[in-house]
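Given the structure is predicted, the values throughout are model-derived calculations rather than measurements.
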Amino acid sequence: HYRCRSAFKLLEIDDKLHILRPGLSVLDCGAAPGAWSQVAVERVNALGTDPAVPTGFVLGVDLLRISPLEGAVFLSKTDIADPSTLRTIQSLLPAGKADVILSDMAPNATGIKELDHQKVINLCLGLLNLSQSILKPKGTMLCKFWDGSEARLLQNRLKEQFQDVRTIKPQASRKESAESYYLARLYKGK
Ligand code: SAM
């Protein structure tokens, strides 16, 4: 019932590393078509399906249109890198803050490996900048990157701001050989 196979990457990562749990607020960047948001809605109990545990919140953002999903709020046709997007996100998140920032964002690939690599790293760096305004202390950021010369720079920036940073290569993305994720946990806050 997932909108895209990419759901299995997040399920695999979350089964192993437990980044989503009932009651958490999640910002899902690059959310279209919405499979990661589907997983997040289930795992944070955004619909309040289980009344015995806290109810979470999911906000998805994408350049493209995202079809409505019960339990999620979507900002379609929205560029995460646009400076005005921050205020909109803050106005939609409960108390203006997220516990978890997910990014499966991928720029339009040019086919030039080094250029595509730099574009995706820049998206992640921009998101890290945004996280300073919206991520709760001890919060989590999971971001996709394509391997290349600047990956270490991104990793170092993450290590400055999070206590625990690890590289993840899900089984489910073994086909897309250059694709990995950084999981950064325990945000140090400002
Ligand atoms: N995780 C999604 C899912 O499970 O349905 C799939 C995400 S897809 C691999 C990458 C998405 O990143 C694309 O839909 C693309 O439009 C989006 N994207 C790329 N650059 C973006 C930006 N600057 N702002 C918002 N979304 C962006």
Side-chain angles (χ1 to χ4, degrees), residues 2-14 19-20 25-41 58-67 69 72-86 88-90 92-93 98-135 139-151 153-155 157-158 161-162 165-170 172-173 175-184 187:
Y2 292 113
R3 294 177 179 185
C4 180
R5 274 177 305 134
S6 54
F8 297 104
K9 292 187 242 176
L10 182 58
L11 287 168
E12 185 186 326
I13 292 169
D14 193 51
I19 60 180
L20 303 171
S25 288
V26 176
L27 173 65
D28 180 12
C29 303
W36 276 31
S37 288
Q38 288 178 292
V39 172
V41 164
V58 177
L59 173 61
V61 181
D62 205 288
L63 288 171
L64 304 178
R65 188 177 171 279
I66 322 166
S67 301
L69 171 70
V73 175
F74 286 144
L75 274 174
S76 290
K77 299 181 179 164
T78 302
D79 185 349
I80 201 81
D82 186 324
S84 68
T85 301
L86 170 62
T88 316
I89 288 172
Q90 283 175 316
L92 292 168
L93 286 172
D99 298 286
V100 180
I101 298 178
L102 304 175
S103 171
D104 196 28
M105 287 192 288
N108 281 330
T110 62
I112 303 166
K113 221 181 141 192
E114 185 58 22
L115 184 59
D116 292 338
H117 160 70
Q118 265 161 25
K119 282 169 128 192
V120 81
I121 295 288
N122 284 339
L123 278 174
C124 295
L125 289 171
L127 193 59
L128 185 58
N129 202 32
L130 197 88
S131 73
Q132 297 191 20
S133 306
I134 56 173
L135 191 59
T140 301
M141 179 163 150
L142 174 71
C143 58
K144 173 161 80 183
F145 67 98
W146 294 328
D147 212 1
S149 59
E150 310 277 287
L153 177 110
L154 172 61
Q155 189 183 41
R157 290 280 171 82
L158 289 166
Q161 299 192 36
F162 293 83
V165 179
R166 62 183 74 192
T167 311
I168 302 173
K169 177 90 188 155
S173 57
K175 273 187 182 164
E176 289 134 287
S177 56
E179 175 187 280
S180 299
Y181 292 82
Y182 282 132
L183 174 62
Y187 183 57

Inset, instruction - Report the relative orientation of the aromatic rings in F145 and Y182; use parallel for angles under 30°, tilted for 30 to 60°, perpendicular for over 60°. - result: parallel
Within the 4.5 Å heavy-atom criterion, are [X] and [Y] side-chain neighbours or not?
X: Q132; Y: Y187; value: yes
X: V39; Y: D14; value: no
X: E179; Y: K9; value: yes
X: L142; Y: V100; value: no

[atom1]-[atom2] distance between [X] and [Y], expressed to the nearest 0.5 angstrom:
X: D62; Y: D104; atom1: CG; atom2: CG; answer: 10.0 Å
X: I168; Y: S180; atom1: CD1; atom2: OG; answer: 9.5 Å
X: D82; Y: T88; atom1: CG; atom2: OG1; answer: 8.5 Å
X: I19; Y: L10; atom1: CD1; atom2: CG; answer: 6.0 Å
X: L102; Y: L183; atom1: CG; atom2: CG; answer: 10.0 Å
X: L128; Y: L154; atom1: CG; atom2: CG; answer: 7.0 Å

Inset, instruction - Indicate yes or no for a side-chain donor-acceptor contact from D99 to the backbone of S25 under 3.5 Å, with no hydrogens or angles considered. - result: yes
Inset, instruction - Check whether any side-chain N or O of E12 sits under 3.5 Å from a backbone N or O of A172 as a donor-acceptor pair, and report yes or no. - result: yes
Of all heavy-atom pairs between [X] and [Y], which one has the smallest distance, and what is that distance?
X: G34; Y: L69; value: O-CD2, 4.3 Å
X: G111; Y: D116; value: N-OD2, 2.9 Å
X: I13; Y: P170; value: CD1-CG, 3.9 Å
X: W146; Y: A106; value: CZ2-CB, 3.8 Å
X: C143; Y: L158; value: SG-CD1, 4.5 Å
X: A32; Y: R65; value: CB-O, 4.2 Å

Inset, instruction - Might you work through the side-chain contact (heavy atoms from CB on, under 4.5 Å) test for T85 and L130, ending with a clear yes or no? - result: CA-CA 10 Å; T85 301; L130 197 88; 5.9 Å; no
Inset, instruction - I would like to know whether L127 and C29 meet side-chain contact (heavy atoms from CB on, under 4.5 Å); could you show each step before the answer? - result: CA-CA 9 Å; L127 193 59; C29 303; 3.6 Å; yes
Inset, instruction - Take K144 and M105 through the side-chain contact (heavy atoms from CB on, under 4.5 Å) test and state the conclusion after the steps. - result: CA-CA 7 Å; K144 173 161 80 183; M105 287 192 288; over 6 Å; no
Legend entry - Stepwise side-chain contact (heavy atoms from CB on, under 4.5 Å) test for L27 and L135: CA-CA 9 Å; L27 173 65; L135 191 59; over 6 Å; no
Inset, instruction - Determine whether more than 12 heavy atoms belonging to other residues, nucleotides or ligands lie under 6.0 Å from atom CZ of R3. - result: yes
